[in-house]
Amino acid sequence: MASERGTVHVVGAGLAGLSAALRLAEAGERVVLHEAANHAGGRCRSYEDRELGRRIDNGNHLLFSANRAALDFLTAIGARDSLIEQAEPVFPYLDLATGARFTLRPNAGRIPWWLFSTRRRVPGSRLRDYAVLWRLMRATRRDTVTALAPADGPVYRALVEPLSVAVLNTAPEEGSAWLLGRMLGLSFAKGGQDCRALIVREGLSESFIEPALRRLATLGVETRFGTRLRSLALEGVRAKSLQFNAATIALGPADRVVLAVPAPVAASLLPDLAAPIEMRAIVNAHYRLKRPYLPANGVPFLALLGGTAHWVFFRGDVASVTVSAADALADEPAEALAPRLWADVAAAMGEPKAPLPAWRIVKEKQATFAQTPAQIARRPAAAGRLDNLWLAGDWTDTGLPATIEGAIRSGATAAALAAGVSAVPGRRTAAASAPKAGSFASFMTPQPALDVVGAATASN
C-alpha cells in the first residue's frame with residue numbers, strides 16, 4: 001500500500017521534478033511536489049510579456065524524434081499532439097556573411113546515402129569531410145570537440161560548431177567531444193527518422209507544464225508552490241527532516257526525497273556533494289513583427305551562420321532568437337543587443353532594412369553548467385550515500401547533455417530508484433527498471449528561469 005510506504009517529497013517542479021513526480025504517482029506512491037517559485041516549469045515555461053503584448057517562451061527549444069523520454073512524457077500527460085513534427089528531417093541555414101541559403105537533408109534510413117548528394121549535404125563539403133563525425137562518436141570523456149574536429153572547413157562551420165554550441169552551451173574549444181558524440185550517435189547516426197525536428201505548437205507551458213500539472217492532480221499529487229527548501233537535517237545515511245521557508249517536515253521511516261533542484265542549490269543543501277560548478281550563459285531575444293511570418297519553405301526555424309544569433313524561430317507575429325555559449329554577450333546592455341540581434345532576424349526574413357520593432361531581451365548568466373570534460377566528471381549519480389534521497393536534474397550523470405531529454409530522464413531514473421526502496425529503513429529492494437541513458441538529447445539547450453533584463457517598444 002502507498003500509505004505503508006510513506007510519502008515521497010519531490011523538491012523542485014522543473015521538468016526533472018515533474019518527470020519524477022509523474023513516474024512515482026503512476027507507480028502508486030503518495031507524492032508531494034514542492035516548488036520554491038509560484039509556478040512550475042523552471043527553465044522550460046511560457047509567460048505573458050507586457051511590453052510585447054504576447055505570450056512567449058523563456059527560450060527556444062527543438063526536440064528530435066529520438067527524444068524518447070521527452071515524447072513518452074508528453075504522451076503520459078496527454079500532450080503529444082501539442083508538438084508540430086516534421087515529416088522528414090529538414091534543416092534550413094542562412095550564412096549571414098555571404099547571404100547564401102542552403103538546407104541539410106538527411107535521408108530517413110540508417111545508411112547515410114545523403115552524404116553522397118551535393119544537394120543534401122553542406123555546400124562545398126566532400127564526403128571524406130564527414131569522417132569527423134565518426135571521430136566524435138568515438139571520443140573519450142577527456143576529449144574536447146576541437147581536439148577531434150579541427151576548426152576549419154565547411155562541415156565544422158555548418159555542422160560541428162553549431163551543434164556543439166547548441167547542444168553543449170559551450171564553445172567547441174572546451175566542450176566535451178564525448179557528449180557531442182553521444183548526441184550524434186543517438187540521432188544522425190541512426191538515420192533521418194531519429195532527427196526529425198519537433199517544436200511546440202503554442203508554448204512550452206502549454207505542452208510540458210500545464211498538462212503535467214493537470215495529470216498530477218488527477219493522480220492525487222499535492223503541489224505546494226512558494227515552498228523553498230532552506231536546509232536538510234541528516235542523521236547517518238538518512239535525511240531526517242526538510243526545513244522549508246514556512247515549515248519543517250519530519251521524515252518518517254518510509255518517507256523519501258527526490259531532490260530536483262539546480263546544481264548550486266543542491267550543493268548548498270548537501271555540502272559534501274560534488275557537482276558541476278562552472279556555468280555558461282544564454283541570451284534570447286524576442287521581437288513582435290508587423291504581421292505573422294513563416295519562411296517560404298514552411299519550416300518555422302532557421303540556423304544562422306556568421307552572425308551574432310545562432311537560431312531564429314517564428315511563431316505567428318513573434319520572432320525569437322537564441323545565442324548559446326553567450327558569456328561574451330551577457331554583460332552587454334540590452335539596448336545594444338536588441339538592434340544587433342534584430343539585424344540577423346531581419347536578414348533571415350529578407351528585409352535587412354526593416355526598422356527595429358518592439359523587443360524583449362532575456363539573459364541568464366548561469367543557464368547550464370559548462371559541459372567540459374572537467375565539469376562532466378563532477379556530475380553525480382542519482383543515488384548517493386543517503387538511503388532515502390535521490391538527485392534529479394539535467395546536471396546529474398545522465399550520460400546526455402544538459403537538455404530537456406536529460407532532465408526528463410533524470411527524473412524518471414530518480415523515481416525508479418525511490419520506488420524500489422523498501423519501507424524498512426536502510427534496506428533496498430530491487431529497484432524498478434530505470435530508463436537507460438541512451439536516447440539522444442534535446443537539440444537545443446533548455447533555457448533557465450527568467451532574467452528579463454530589457455524591453456522596449458519601437459514604432460512600427
Side-chain angles (χ1 to χ4, degrees), residues 44 46 57 59-75 78-94 101-115 117 119-123 130 133 158-159 162-163 165-167 183-204 206-208 211 292-305 309-316 318-322 324 345 348-349 400-401 403-406 408 439-447:
C44 179
S46 310
D57 295 333
N60 299 312
H61 299 259
L62 265 182
L63 291 175
F64 268 10
S65 47
N67 289 156
R68 306 286 189 252
L71 296 179
D72 286 349
F73 175 81
L74 290 168
T75 298
R80 180 64 176 80
D81 292 340
S82 69
L83 300 184
I84 300 171
E85 184 172 356
Q86 286 184 328
E88 59 179 336
V90 177
F91 300 98
Y93 285 76
L94 168 62
R101 295 177 184 262
F102 63 94
T103 301
L104 199 65
R105 295 178 179 271
N107 59 285
R110 296 195 66 166
I111 299 175
W113 62 260
W114 65 278
L115 295 178
S117 171
R119 298 179 61 184
R120 287 178 171 265
R121 68 188 190 216
V122 177
Y130 293 85
L133 305 182
L159 196 56
L163 286 178
V165 171
V167 173
M183 168 265 179
L184 291 169
L186 296 163
S187 57
F188 283 93
K190 289 190 172 183
Q193 282 299 106
D194 273 340
C195 54
R196 289 176 292 113
L198 300 92
I199 60 173
V200 295
R201 192 180 304 276
E202 295 182 53
L204 294 172
E206 287 79 5
S207 288
F208 286 93
Y293 177 83
L294 182 66
N297 60 10
V299 180
F301 60 87
L302 184 65
L304 302 175
L305 305 176
H310 295 148
W311 296 85
V312 58
F313 290 74
F314 299 99
R315 184 186 300 155
V318 174
S320 299
V321 161
T322 289
S324 300
V345 176
M349 297 172 60
L400 302 173
T403 55
I404 286 178
E405 179 78 358
I408 290 174
S439 84
F440 158 80
S442 170
F443 192 52
M444 298 300 292
T445 308
Q447 308 300 313

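On a predicted model such as this, the values are computed, not experimentally measured, just so you know.
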| request: Kindly say whether L204 contributes a backbone atom to a donor-acceptor pair with the side chain of D57 at under 3.5 angstrom? | output: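 Confirmed, D57 side chain pairs with L204 backbone.
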Working to the nearest 0.5 angstrom, can you tell me the gap between [X] [atom1] and [Y] [atom2]?
X    : Y    : atom1 : atom2 : result
L198 : Q86  : CG    : CD    : 8.0 Å
I199 : R315 : CD1   : CZ    : 7.0 Å
R110 : K190 : CZ    : NZ    : 6.5 Å
Y130 : L159 : OH    : CG    : 7.0 Å
L163 : L133 : CG    : CG    : 8.5 Å

| Angle class for the F73/F208 ring planes (parallel below 30°, perpendicular above 60°, tilted otherwise)? |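 Parallel: the ring planes of F73 and F208 meet at under 30°.
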Considering residues at least two apart in sequence or located in another chain, which fulfil the side chain to side chain contact (heavy atoms under 4.5 Å, CB included) criterion with [X]?
X    : value
R101 : L94, L302
A303 : Y93, W311
D81  : none
E202 : E206

| query | For S65, what residues pass the side chain to side chain donor-acceptor pair (under 3.5 Å) criterion, not counting sequence neighbours? | reply | none
| query | Considering residues at least two apart in sequence or located in another chain, which fulfil the salt bridge (Lys or Arg N to Asp or Glu O under 4.0 Å) criterion with R80? | reply |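 Partners of R80 by the salt bridge (Lys or Arg N to Asp or Glu O under 4.0 Å) criterion, ordered by chain and then number, come out as E85.
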| Can you list the residues that meet the salt bridge (Lys or Arg N to Asp or Glu O under 4.0 Å) rule with R121, with sequence neighbours excluded? | none
